[in-house]
Number of protein chains: 2
Amino acid sequence: MPAPSRTSIAEIVSAGRDLLESGGPAALTMQKVAQKVGVRAPSLYKHVRDREALLSAVSAATIDDLAECFAGSEESLDSLFRAYRAFAHRWPEGFRLMFSPGAPLDSLERASEPVLAAARDLAGAEALEAARLMTAWATGFIHMELAGAFRLGGDVDHAFEYGLEHLRAGLER
Amino acid sequence: MPAPSRTSIAEIVSAGRDLLESGGPAALTMQKVAQKVGVRAPSLYKHVRDREALLSAVSAATIDDLAECFAGSEESLDSLFRAYRAFAHRWPEGFRLMFSPGAPLDSLERASEPVLAAARDLAGAEALEAARLMTAWATGFIHMELAGAFRLGGDVDHAFEYGLEHLRAGLER
DNA sequence: ACCTGAACACCGTTCAAGT
DNA sequence: ACCTGAACACCGTTCAAGT
């Protein structure tokens, strides 16, 4: 009666991320995840409470990747937000999942720590407000961009740089 | 062989909105919608192509409501964005749906017309950039707020007003 | 012209039975 | 201790048959 694990939580989460990115949330199915890790669907419940918990785990793994991404970027606000946008382009579904109800808020807070640190250099006592303002702007910008909501009027890259510059300037003062 | 319609597209969309707001997207089920309008699920397909098309129609109806909401507010940028946030609080699921893939982008563009008009008074030639910057900020702020991502540090209403003030000031000059 | 029941393929999840 | 098949309740969708 040994019965060693034929899969692992890490493998399951990784399979979930693949399915999510390639077909959206509807494609992340317990049955497809099971097939990908070489097991039957009921076995997944030995490793994960239910589909919702798996989605949370996928969200947390994505946020951890974002934190790593921040760690590998320069520490200026501009660099951090450019890295944020590049990350969202590489993992659009994961990005959306990060801000869904049920997202792991602790991880999100931890990942945004470098932004807060950079804001402290710029805005001193109002660092928290400044960090929130820029984070809200970037998050909304990317959301709208991913939804295809920027249709009239030119270069989206340029619009992002425009926003970055104006916000930084407005907060320096 | 008359067989008059026992329901209508308007009734179906309205039932869909109710279900969406009270239980999230997963609760918007063809079967539940059918039950609410007094018909069996297969009959819905005489009025709507499929569930995805129904979600788009719900999204469009929500955006129309937002446009009405803008029309009933003062024309200043501050008033418009406060109305935007209040609207999102009243219809949080509809708000999220507005920025999902498959959203009716034409309607969204039309609804945001008053914001663009107000931005012209403030920023002149750079009105489009200014409107986008403020819209992206407000959209991200609300998204994060609805996801529960503002946990440390005080009054969220105050944070919104702080952002409003700083952005307006930064764009005026 | 619209509605219906029956049917199909697919879900998430539970559970007793296997090893 | 993990895996499995069978089962259950629920999906979306199609379609022939009713009125």
Side-chain angles (χ1 to χ4, degrees), chain A residues 1-61 93-94 96-97 100-104, chain B residues 1-61 93-94 96-97 100-104:
Chain A
M1 54 293 262
S5 246
R6 206 122 63 199
T7 182
S8 68
I9 181 67
E11 219 180 359
I12 289 168
V13 169
S14 167
R17 291 184 74 176
D18 286 355
L19 288 166
L20 178 72
E21 287 302 334
S22 57
L28 197 166
T29 277
M30 296 305 270
Q31 323 218 15
K32 284 190 194 143
V33 169
Q35 188 186 8
K36 250 177 177 284
V37 304
V39 106
R40 302 290 181 158
S43 303
L44 296 177
Y45 293 82
K46 290 286 162 186
H47 299 92
V48 88
R49 201 177 67 260
D50 56 16
R51 182 175 178 271
E52 200 172 359
L54 175 52
L55 280 168
S56 284
V58 166
S59 184
E93 296 291 346
R96 268 190 278 261
L97 192 63
S100 297
Chain B
M1 54 291 262
S5 248
R6 205 122 61 199
T7 183
S8 68
I9 181 68
E11 219 180 0
I12 290 168
V13 169
S14 166
R17 290 184 74 177
D18 286 354
L19 289 166
L20 178 72
E21 288 301 336
S22 57
L28 197 167
T29 278
M30 298 303 270
Q31 323 218 14
K32 285 192 194 142
V33 169
Q35 188 186 9
K36 250 178 178 285
V37 303
V39 106
R40 304 289 180 157
S43 303
L44 296 178
Y45 294 82
K46 289 286 162 185
H47 298 92
V48 88
R49 203 178 65 262
D50 56 14
R51 183 174 177 271
E52 201 173 359
L54 175 52
L55 280 169
S56 283
V58 166
S59 184
E93 296 291 345
R96 268 190 278 260
L97 192 63
S100 298

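As a basis for the values below, the full set of heavy atoms in this structure was taken, side chains included, without hydrogen atoms, waters or symmetry mates.
- Annotated stems with DNA chain C as a participant read C:4-8 with D:12-16, C:12-16 with D:4-8, given as range with range, by first number; only runs of 3 or more Watson-Crick or G-U pairs under 3.5 Å qualify.
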What pairs of donor and acceptor atoms, side-chain ones from residues 7-16 of chain A against any protein atom, are under 3.5 angstrom apart with sequence neighbours left out?
from: A:Thr7; atom 1: OG1; to: A:Glu11; atom 2: OE1; distance (Å): 2.8
from: A:Ser8; atom 1: OG; to: A:Glu11; atom 2: N; distance (Å): 3.1

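- The stretch residues 44-56 of chain A comes close to DNA chain C through A:Tyr45, A:Asp50, A:Arg51, each having a heavy atom under 4.0 Å from the strand.
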Kindly list each side-chain donor-acceptor pair under 3.5 angstrom involving residues 25-49 of chain A, sequence neighbours excluded, with atom names and distances?
from: A:Ser43; atom 1: OG; to: A:Arg40; atom 2: O; distance (Å): 3.4
from: A:His47; atom 1: NE2; to: A:Ser5; atom 2: OG; distance (Å): 3.2

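- The CD1-P distance, from A:Ile12 to D:dC2, rounds to 11 Å in whole Å.
- The stretch residues 13-39 of chain B comes close to DNA chain C through B:Val39, each having a heavy atom under 4.0 Å from the strand.
- Residues B:Ser56 and B:Gly102 approach most closely at OG-O, 3.1 Å, considering heavy atoms.
- When heavy atoms are screened at a 4.0 angstrom cut-off, B:Thr7 is found touching the sugar-phosphate backbone but no base atom.
- Between the CZ atom of A:Arg6 and the P atom of C:dT19 there is a distance of 12 Å, given to the nearest Å.
- Between B:Ser43 and C:dT4, a side-chain N or O to OP1/OP2 separation shorter than 4.0 Å is present.
- Here the straight-line distance linking atom OG of A:Ser22 with atom CZ of A:Arg17 works out to 12.5 Å at 0.5 Å rounding.
- Not counting sequence neighbours, A:Glu21 has no partner by the salt bridge (Lys or Arg N to Asp or Glu O under 4.0 Å) test.
- Applying the salt bridge (Lys or Arg N to Asp or Glu O under 4.0 Å) rule to B:Arg51 yields no partners; only residues at least two apart in sequence or on another chain are considered.
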